[in-house]
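Some notes on the structure that comes next.
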Amino acid sequence: MRKKVTKAIFPVAGLGTRFLPATKSVPKEIMTLVDRPLVQYAIDEARAAGIKEFIFVTSRGKGALEDYFDNAPQLEQELRRKGKDELLEILKSTNMESGEIAYMRQHKPLGLGHAVWCARRLIANEPFAVILPDDVIAGDKPCLAQMVEAFEETQSNIVAAMEVPEDQASSYGVLDIKEDMGAIVSTKGMVEKPEFGTAPSNLAVIGRYILTPTVLQKLNKKRTGAGGEIQLTDAIADAREDGEEVYGYRFKGQRFDCGSKAGFLQATVAFALARDELRDDLWAYLNDVVHSEKAAQ
Ligand code: UTP
């Protein structure tokens, strides 16, 4: 029988040190692109891919994240009273049904692989998606929905992949390609953060995965890898070594690394320019900046 992906894990237990001091009290995933927190983009993408159960792996200090998904009856009442129907609809669209969302704690930031492992009891014996909310992907068809379609064919592990320049490969997990079939590549394995000059290809893994329960079993070993962390990439590579297929998927869309300041700022500009009510003013401002910059040179 063909398996369906209905559960997604959102690992959000990282320290977010690149955004200190903000992340002293604000979880990175609550930071907003225009007016929506990163985590809302992730939830919307998961829903569009048919996900029904949303599992967050959180940590100390992420209370604001749980509050964000609560209903806000007082606020809704006030908006209704003032006739602000549009805002009311926006607010309602962020509500999560009771029982749809679950939270697990990762007690120590031991790495992405460990965060995913923390959710193992809620996954049991099914394929599942992993979404890193700080990778935001803009495109006509949401990235995870593209991957779910590919999974319907392959029924095996799929990781989102994109080409990166050679000097950036050591920041990513990198695919060891067996056969390049265009949108999909089959792999011999993958390496987390390869040393400069040793990357097996220029196809890097970014924050969307569809994985089989075998990967969770491999995470049971709790092996530490690059950076002294328990790496998800290593567990996927182990599953591949055991004979499971692992595919890379070249998604269509533009990925923003919102875990870095530069990526976050680029995403802010891109998402603001995509909004009718903001585009003209922002565009005029950006033009001014470019012109005065050029004039000064
Ligand atoms: P990052 O590598 O971006 O780490 O994690 P970070 O802690 O969030 O941010 P910096 O590097 O200190 O600025 C990638 C993803 O893995 C999750 C993070 O929350 C993020 O979604 N993660 C990482 C965990 O859930 N637990 C961990 O132990 C490590």
Side-chain angles (χ1 to χ4, degrees), residues 8-33 37-43 45-46 54-66 68-69 101-120 122-123 128-137 143-144 159-162 164 168-174 190-194 204-209 211 215-216 219 221-236 255-267:
I9 301 176
F10 301 78
V12 292
L15 297 174
T17 53
R18 283 171 287 172
F19 279 96
L20 281 170
T23 43
K24 253 170 86 182
S25 68
V26 182
K28 176 171 67 173
E29 303 73 24
I30 285 291
M31 296 196 324
T32 56
L33 292 181
L38 293 182
V39 73
Q40 187 65 54
Y41 292 93
I43 289 277
E45 184 178 332
F54 304 80
I55 303 162
F56 278 78
V57 181
T58 66
S59 58
R60 191 184 300 277
K62 301 274 178 170
L65 200 88
E66 297 189 25
Y68 175 77
F69 289 117
I101 189 162
Y103 301 96
M104 299 296 291
R105 273 278 174 127
Q106 185 190 27
H107 292 105
K108 276 189 191 160
L110 297 178
L112 173 60
H114 181 260
V116 169
W117 177 82
C118 288
R120 67 200 177 283
L122 296 178
I123 297 294
F128 59 97
V130 177
I131 296 189
L132 307 191
D134 44 13
D135 268 337
V136 175
I137 303 169
C143 179
L144 192 66
V159 299
M162 67 176 215
V164 296
Q168 287 175 24
S170 49
S171 305
Y172 294 89
V174 179
M190 57 180 75
V191 189
E192 184 63 35
K193 299 192 175 59
V205 178
I206 61 113
R208 301 288 182 278
Y209 311 74
L211 302 173
V215 175
L216 292 177
L219 284 169
K221 287 197 268 179
K222 301 215 189 110
R223 175 157 62 91
T224 30
E229 296 195 340
I230 300 173
Q231 297 288 354
L232 184 58
T233 312
D234 292 340
I236 302 172
R255 174 255 188 179
F256 296 95
D257 174 10
C258 291
S260 77
K261 282 175 225 170
F264 190 88
L265 290 170
Q266 287 159 19

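For ligands, and for the atoms within them, numbers begin at 1 and follow the listed sequence. Only heavy atoms go into these numbers, but all of them, side chains included; no hydrogens, no water, no symmetry mates.
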Which of the numbered atoms in ligand 1 are below 4.0 angstrom from a heavy atom of Lys28? 3 (O), 6 (P), 8 (O), 9 (O)
Taking the minimum heavy-atom distance to atom 14 (C) of ligand 1, which of Leu38, Thr23, Leu132, Leu20 ranks first? Leu132
So is Leu112 polar-close to ligand 1, meaning N/O to N/O under 3.5 Å? no
Check whether any side-chain heavy atom of Phe56 sits under 4.5 Å from a side-chain heavy atom of Glu66, and report yes or no. no
Going by distance only, is there an N or O of Pro11 that falls short of 3.5 Å from an N or O of ligand 1? yes
With a cutoff of 4.0 Å, is Gln106 in contact with ligand 1, counting heavy atoms of the residue only? yes
Apply ring pair (Phe, Tyr, Trp, His ring centres under 6.0 Å) to residues Phe54 and Phe69 and explain how you reach the verdict. CA-CA 11 Å; Phe54 304 80; Phe69 289 117; 8.4 Å; no
Just by modelled atom types, is the Asp135 backbone N or O under 3.5 Å from a matching donor or acceptor in the Arg208 side chain? yes
Consider every N or O of Lys108 and every N or O of ligand 1, then say whether any pair is closer than 3.5 Å. no
Show me which atoms of ligand 1 lie under 4.0 Å from any heavy atom of Pro109. 28 (O)
Any donor-acceptor pair under 3.5 Å from Gln266 side chain to Phe256 backbone: no
Phe19 N/O under 3.5 Å from ligand 1 N/O: no
Determine whether any heavy atom of Val12 lies closer than 4.0 Å to an atom of ligand 1. yes
Any protein heavy atom < 4.0 Å from atom 5 (O) of ligand 1: no
Taking both backbone and side-chain atoms of Thr17, is any N or O found less than 3.5 Å from an N or O belonging to ligand 1? yes
Could you tell me whether some N/O pair between Ala13 and ligand 1 is separated by less than 3.5 angstrom? yes
Any side-chain heavy atom of Leu232 sitting closer than 4.5 Å to one from Leu219? yes
Protein heavy-atom partner closest to atom 7 (O) of ligand 1 - residue, atom, separation in Å: Leu15 N, 2.8 Å
Among all protein heavy atoms in this structure, tell me which lies nearest to atom 3 (O) of ligand 1, with the distance rounded to 0.1 Å. Arg18 NH2, 2.9 Å
Arg105 side chain to Val57 backbone, donor-acceptor under 3.5 Å: no
Starting from atom 22 (N) of ligand 1, which protein heavy atom do you reach first, and at what distance in Å? Gly14 N, 3.7 Å
For residues Arg120 and Trp117, determine if any side-chain heavy atom of one lies less than 4.5 Å from a side-chain heavy atom of the other. yes
Could you list the atoms of ligand 1 found under 4.0 angstrom from a heavy atom of Gly111? 26 (N), 27 (C), 28 (O), 29 (C)
Compare all side-chain heavy atoms of Leu15 with those of Thr23 and state whether any distance is below 4.5 angstrom. no
Would Val205 and Tyr172 satisfy side-chain contact (heavy atoms from CB on, under 4.5 Å), going step by step from the backbone distance to the final call? CA-CA 6 Å; Val205 178; Tyr172 294 89; 5.9 Å; no
So, the side chain of Lys62 versus the backbone of Val12: is there a donor-acceptor pair under 3.5 Å, distance only? yes
Is the contact between Leu110 and ligand 1 made by the side chain, the backbone, both, or neither, using heavy atoms and a 4.0 Å cut-off? backbone
Select one of side chain, backbone, both or neither to describe which atoms of Ala115 lie under 4.0 Å from any atom of ligand 1, heavy atoms only. side chain
May I ask you to decide if Ala226's main-chain N or O and Gln231's side chain share a donor-acceptor pair within less than 3.5 Å? yes
